[in-house]
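Here the structure comes first, spelled out in structure tokens, and everything after it is commentary.
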Amino acid sequence: MISILKFAVLMVFIASYSFADDYVLNRKRFPPNFLFGAATSAYQVEGAWNEDGKSVSTWDNTTHADPDSIADGSNGDVACDSYHKYKEDVAILKETGVNHYRFSLAWTRILPTGFPDQINQAGVTYYKNLLRELRANGIEPFVTIYHWDMPLTLQERNGLLNESFIDWFADYAAVCFDLFGDDVKIWTTFNEPKGTCLFVVPNNKTEGSLEYICAHNVLRAHAKAYRIYEKRFKATQDGRVGIVLDSYSFVPGSDSAENITATETTYQFELGWFANPVFNGDYPEIMKSRIGARSRAEGRKSSRLPEFTEAEKVALNGSADFFALNTYSTSLVVAIEDPPISYPPSRDQDMGVTNYQPDEWENSTMNGMKVAPWGIRPLLNWINDHYNQPDIIITENGTPDNTGTLQDVKRVSLIQSYLSYIRDTMEQDGVNVIGYTVWSIMDNFEWTQGYSQKFGLYNVDFSSPNRTRTPKLSAQYYKNVCQTRCLIVDDYGCID
Ligand SMILES: *[C@@H]1O[C@H](CO)[C@@H](O)[C@H](O)[C@H]1NC(C)=O
Ligand SMILES: *[C@@H]1O[C@H](CO)[C@@H](O)[C@H](O)[C@H]1NC(C)=O
Ligand SMILES: *[C@@H]1O[C@H](CO)[C@@H](O)[C@H](O)[C@H]1NC(C)=O
Ligand SMILES: *[C@@H]1O[C@H](CO)[C@@H](O)[C@H](O)[C@H]1NC(C)=O
Ligand SMILES: *[C@@H]1O[C@H](CO)[C@@H](O)[C@H](O)[C@H]1NC(C)=O
Ligand SMILES: *[C@@H]1O[C@H](CO)[C@@H](O)[C@H](O)[C@H]1NC(C)=O
Ligand SMILES: *[C@@H]1O[C@H](CO)[C@@H](O)[C@H](O)[C@H]1NC(C)=O
């Protein structure tokens, strides 16, 4: 139960934030089977970077060799120390009352060489213990197989740009299904492969097509893993497999035909690039035609966008049992003159449109993450319309601050607003949103931002060896949402 004092505090911030504009929060209770959860990923929370047989990942390598590439020079060597404190993690998840915990497996902890020639028993035991602890507390595990932490052994072989990556990943995924599949009913193969291919792959801008090659390997690796699960594990384990894709909400900058067309093009390049192969069996037509035409104009014999074989299309087509979406913000799309052919080519020029976030929108503490929760409704409708009304699970949503304050009223307001627009979309547009996952249950290592940006419902004291977890106001608020399935904390509450 939330104390009377907490209720009073909640009332005050609701009055001051949530009703700041004309939008009226949705008072309809979420359905009983709607899934509320929270997320983390291995490198961002586990620590124990070199313990118990774990090998080195690209993130261990980069943070150690080039600390200047991280905003505060930090690394994930200890992070939240979840490797040793997983019981504390499960305790705060339980306290929050979530249905599910989304976390990822560290490839380097399970297969230190990167290959299945050697399985590291200590790493396996860690994840088995975590899964057992979750089950014992009635929390459903949602497991991401690969969340950005590439084994260095594989990066030395060119990582995602090596076509052999398809087999490396499929072998690793099969090991995970085999070892953990009895306890896992929701799997996702990759987290945000677009970000992986645009920013994490050491890119050669000269060639200008490496992101397409990366994506091509990721997509085929995903399909191969999906089909392995379907053939070898589905009958006995009865789980569902998907892939976590990320997108902004894109909204036309004006209601002109040009800006509306530009918005469709943006969605196809940003989300359709991965979603269309997985749900419809091939790259979007607009990507094939634009990249093909520009490649010819550059004097190339073939398109810089690779083609799938017929067999690959069949394997990809329908290779996700649900649509897993990470989304954090909204952007306005503006049509521009088609960029002239220039060297080197770039994905931005291939897309040939632009987008921006107006100055007057509320800032968060990170670039590109302005507060515009209303965008989720057109985004969910776009997914619903283009991918045959899939079950949609929001696998990440949240907002950063740079203080870790316990009175995180802006985070409460953002979560409340997003959920309200999601509820509107379910109710008024009939879109099948089946779950929502807050990023994150606790403050953690935010990649190149280090510990300078904090997304947690729980504050973590990174200066204490105990890494003490302390609930913020948002933890209290989200706990109330999980308990009541209602977004509004006042005398009237929700209607069923
Ligand atoms: C390890 O990190 C250093 C410094 O950033 C980099 O030069 C090197 O390429 C990295 N190794 C691999 C295999 O990515
Ligand atoms: C790609 O992987 C294969 C198989 O492991 C390896 O033989 C080859 O050298 C790798 N390519 C590069 C560029 O590292
Ligand atoms: C990028 O690719 C071009 C063309 O293949 C090559 O000449 C150049 O050396 C590469 N640059 C890097 C940094 O790998
Ligand atoms: C597209 O929207 C922007 C505002 O975001 C506007 O400035 C521009 O004129 C619009 N373009 C067209 C062709 O309507
Ligand atoms: C994918 O499957 C659907 C439904 O079976 C089919 O209509 C569509 O043509 C397939 N896509 C491709 C690219 O083969
Ligand atoms: C957001 O930050 C930018 C740059 O610091 C500033 O110009 C703008 O006024 C801010 N917007 C709001 C709504 O505070
Ligand atoms: C860490 O936790 C231990 C055991 O609860 C406690 O005795 C100790 O004072 C804590 N240390 C700090 C720095 O919080």
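Both ligands and their constituent atoms are indexed starting at 1 by order of listing. In this chain, residues are counted from 1 in sequence order.
Atom CG of Asn388 sits in a sparse spot, with 12 or fewer heavy atoms from other residues, nucleotides or ligands closer than 6.0 Å. For CG of Asn367, the number of neighbouring non-hydrogen atoms (other residues, nucleotides, ligands) closer than 6.0 Å is 12 at most.
Any N or O atom pair closer than 3.5 Å counts here, and Tyr356 shares at least one such pair with ligand 4. Residue Asn61 has at least one N or O atom closer than 3.5 Å to an N or O atom of ligand 1.
Under the 3.5 Å distance criterion, with hydrogens and angles disregarded, no donor-acceptor pair is assigned to the side chains of Asn191 and Thr144. No side-chain donor from either of Ser164 and Asp167 sits under 3.5 Å from a side-chain acceptor of the other.
In this structure, Phe169 has its ring center under 6.0 Å from that of Phe190. A ring-centre distance under 6.0 Å is not found for Tyr172 and Phe115. In this structure, Tyr212 has its ring center closer than 6.0 angstrom to the ring center of Trp273.
Near Ala65, meaning under 4.0 Å from any of its heavy atoms, are these atoms of ligand 1: 2 (O), 3 (C), 4 (C). For ligand 1, the atoms lying closer than 4.0 Å to a non-hydrogen atom of Asp66 are 5 (O). Remark: ligand 1 atoms within the under-4.0 Å shell around heavy atoms of Gln155 are 13 (C), 14 (O). Annotation for ligand 1: atoms under 4.0 Å from non-hydrogen atoms of Glu156 are 13 (C). Of all the atoms in ligand 4, the ones that sit under 4.0 Å from a non-hydrogen atom of Gly253 are 2 (O), 4 (C), 5 (O).
The shortest distance between side-chain heavy atoms of Lys85 and Cys80 does not fall below 4.5 Å.
Residue contacts with ligand 1: Leu152 is included, with a non-hydrogen atom under 4.0 Å away. At least one heavy atom of Val334 sits closer than 4.0 Å to an atom of ligand 4.
Note on residues 357-377: pairs passing ring-ring contact (aromatic ring centres under 6.0 Å, His included), not counting sequence neighbours, are Trp361-Trp374.
One distance of note links CD of Glu156 with OG1 of Thr58; it measures 11.0 Å at 0.5 Å rounding.
Contacts between Asn259 and ligand 4 below 4.0 angstrom, taking non-hydrogen atoms only, involve the side chain exclusively.
Residue-level contacts of ligand 5 at the 4.0 Å heavy-atom threshold are Asn280, Gly281, Asn317.
By the 6.0 Å and 45° rule, Arg423 does not stack over the aromatic ring of Tyr436.
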